[in-house]
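Below is one structure; the comments refer to it alone.
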Amino acid sequence: MWRKTSFLVLAFTSIFILFQTVDISRAFGQAKTGLVGWRSGRYQPQQQLEHSPSSPSSPDADHDGGRVEPTHAAHPPDTSTVKPEGSDALDDFYGDGDKTTKAANDNTKPQIGTTSDDGKGRPSRPDDELSLQEIWKMVSRTKGFYARDYSLRLGWNNMRYILEASVLHARLLNRTLILPSFVYARACEFDIDVCSTYADPVNRNEVFNTDEFKHSPLAWKMPISKFIDLPLLRQAQPVILVSEYLRLHGLPLSAEAQAGNWDRSTYHSKPNLFADVAVRGGNEDEEDLGGKPTLFVVENEWFDPEDTLRVDRLPQDYQTRGGWDPRAIDVEKGRYGEWTETEKSAAYLQLEGALGDEHVLSWTQARSVLESMLDPVDTETDGTGDDMPGRSRARSAKFAPRRRAVFDVETDDKLENVLRANGWEVLYTYEGALGMEFLKSVSGPVRQAAPRSSLRGLVEDYAHITTDVLLLEGEVHHGRKPGSLRFTTEEGRDVFTNIVRQAIHTPHEVLELAGKIDSRMTRLVQGRQWMAAHMRRGDFIDTGLVMEKTFRAHFDRIVDRLAVGRHMLRQIAEEKISSSVDRDMEPPGPGCKTCSPPPKDDDPFYLATDERTPEALEYMMEHGVIFINDLLTSDDHQTYGWPLIFTDVLGLVEQAVLSRASYFYAHALSSVAGGVVNLRDARGADPRTYLVD
């Protein structure tokens, strides 16, 4: 009898295991054809990569260079954890009925790779979400909220630029910035069933009511905390999420607008939970409660219309020179204050005639225009154009009278004086790449000149608004400078530069993982400096923005630019040696990464790309290219967790890796490059060690 019982138990156990195996296979599927899959690492021999002492050496390493054949996993590692004991009541984070959990009384920074879920593998509400008391305490220290109509249809890099500008605006207006609770990841490296296990799929054409994404409508909704270090940002500026605003006002989280627009009806339908009963209407049972959040809308056409240059603020000396009248109000144009100076000098008109579509002149243009103004008589002038007695000299038919420049603008200080004396002002901003504003990097500070009468200060126009919410309508991103405005002082520009470089970072897990990749890449090139590039293909081919039409031409261009970079690194290395010798100092030791030996001609280089055709990938690997998945390990996936299956998150890691390269090259039309340049600047990289064209 016991034998029959044992046989039945064994049979049922085998059937159970078989069904579990089938279910797992269906759940995760196979990696997409043609993609660089989840590899254990194409270049990960034991002598090059760090690993724990208990890890066995790779049996696949060959004996000439340690190259390892790629292996492909069928699914990403499962890093979901059991719901912690003592959790709060489940909250509806995504607004679609799915429940999530948040550890109670956990005010510490989340550990890398730890996630809580609703039993389906979905991510929980971010661990750094604020309590209602913390939200109200933050808001009560400011004038209220600053809201935007966020363009969630854009990729993360453009969203980050919008976020940077929003932080600046909220700071200038002394308001608490409201950010969207989520953004959309546009691609996933696995089948839809796998990706949808971790994030909600959406049809972008339906969400944004467009056919713009008819060729690739699918996207996944992901918490914004996976893209930005919110605790770090909150140290620099009061910031909350839309989900936190909704909680503060007793509204369901499902009310958050999926397209990123500010819902002027729903978001203002209830007072905040901390409002006094008297303000709330005296009867909390009434449907129509008093004390609902008030709203002021900065209409889109008010921000920087055709005849306007938006700046941060108007300093007192600007106002004095231009006769600024704060009492002149034009409600229809959203203008509070007006310039009263109307006289235009000859220099003003000459400068005005040189203006282009942007209504601003570069510093070089302004100097050139003023230098070209010649005095028809033989006189000398001071810096403001006032005549000074000319020196007598003998004249004859042999020598014609010499004409002098009206203005002395040889130095920057003299040029500033002339501009200000003739109705123009100096503005401070950043140099765009190739005269365009795709990168929005805060490197390359420059001065510009503009007519004083065209300047509108954000502070002067809107800092006096007292409504609970101040909303900037629509989009003010494309074609604008970083911050979506210019600055009237160097100090103001420097504050924004520091915000971008020091306060707006990717999550710390991303930076830690990039550090590991950097270490592996350095070992791969035997301790020498390594180079990197970004190749944007994909959607740029469809839009016509791609750098070169064919893949081979594009790749050859990158190789050529990196050859120039290799020469530059060698030149910098020679300068460091010469400097050490001249100062009678010992050259820096091997611990100094920037002082490592320059790369050799045949060293492999790192390439971040969205190119996915198998032939192109194989060609690049044969020509010394290292991809991100060549360097990631299974431990990395276990540590970082599920977000790495989404290409947008993996792109954050790649940006951080590119920022650590000794030399970097990219395309000026790609917003990815701007993020890398900002990271490099924050790390103190030599500006000669990157090229964007």
Taking C-beta and beyond as the side chain, do [X] and [Y] meet within less than 4.5 Å on heavy atoms?
X: His567; Y: Val564; value: no
X: Val625; Y: Phe605; value: yes
X: Phe627; Y: Thr609; value: yes
X: Ser441; Y: Tyr690; value: no
X: Val446; Y: Trp363; value: no
X: Phe496; Y: Glu164; value: yes

So [X] and [Y], would you call those rings parallel, tilted or perpendicular, with 30° and 60° as cut-offs?
X: Trp156; Y: Phe227; answer: tilted
X: Phe551; Y: Tyr619; answer: perpendicular
X: His623; Y: Phe555; answer: perpendicular

Would you say the side chains of [X] and [Y] form a donor-acceptor pair under 3.5 Å?
X: Ser362; Y: Thr364; value: no
X: Gln655; Y: Asn157; value: yes
X: Tyr606; Y: Glu654; value: yes
X: Arg680; Y: Thr689; value: yes
X: Asp648; Y: Tyr184; value: no
X: Tyr665; Y: Arg557; value: yes
X: Arg456; Y: Thr308; value: no
X: Asp494; Y: Thr497; value: no

Please round to the nearest 0.5 Å and tell me the distance separating atom [atom1] of [X] and atom [atom2] of [Y].
X: Phe182; Y: Asp200; atom1: CZ; atom2: CG; value: 10.0 Å
X: Leu513; Y: Leu632; atom1: CG; atom2: CG; value: 6.0 Å
X: Gln448; Y: Arg486; atom1: CD; atom2: CZ; value: 4.5 Å
X: Arg447; Y: Phe487; atom1: CZ; atom2: CZ; value: 15.5 Å
X: Ile499; Y: Arg171; atom1: CD1; atom2: CZ; value: 4.5 Å
X: Leu569; Y: Arg688; atom1: CG; atom2: CZ; value: 10.0 Å

Using a strict threshold of under 4.0 Å (side-chain N to carboxylate O), is an ion pair present between [Y] and [X]?
X: Arg520; Y: Asp636; answer: yes
X: Arg570; Y: Asp601; answer: yes
X: Arg612; Y: Glu189; answer: yes
X: Arg493; Y: Asp312; answer: no
X: Arg566; Y: Asp603; answer: no

Locate the shortest heavy-atom distance separating [X] from [Y]; write the atom from each residue and the value.
X: Ala450; Y: Leu427; result: CB-CD1, 3.8 Å
X: Arg160; Y: Gly674; result: NH2-C, 4.1 Å
X: Ala533; Y: Ile558; result: CB-CG2, 3.6 Å

Is [X] reaching over with its side chain to a backbone N or O of [Y], donor-acceptor style, under 3.5 angstrom?
X: Ser196; Y: Ile192; result: yes
X: Arg310; Y: Phe303; result: yes
X: Thr613; Y: Glu615; result: no
X: Asp307; Y: Ser454; result: no
X: His359; Y: Glu306; result: yes
X: Asp149; Y: Asn261; result: no

Pi-cation contact, Phe213 with Arg204 (under 6.0 Å, within 45°): yes
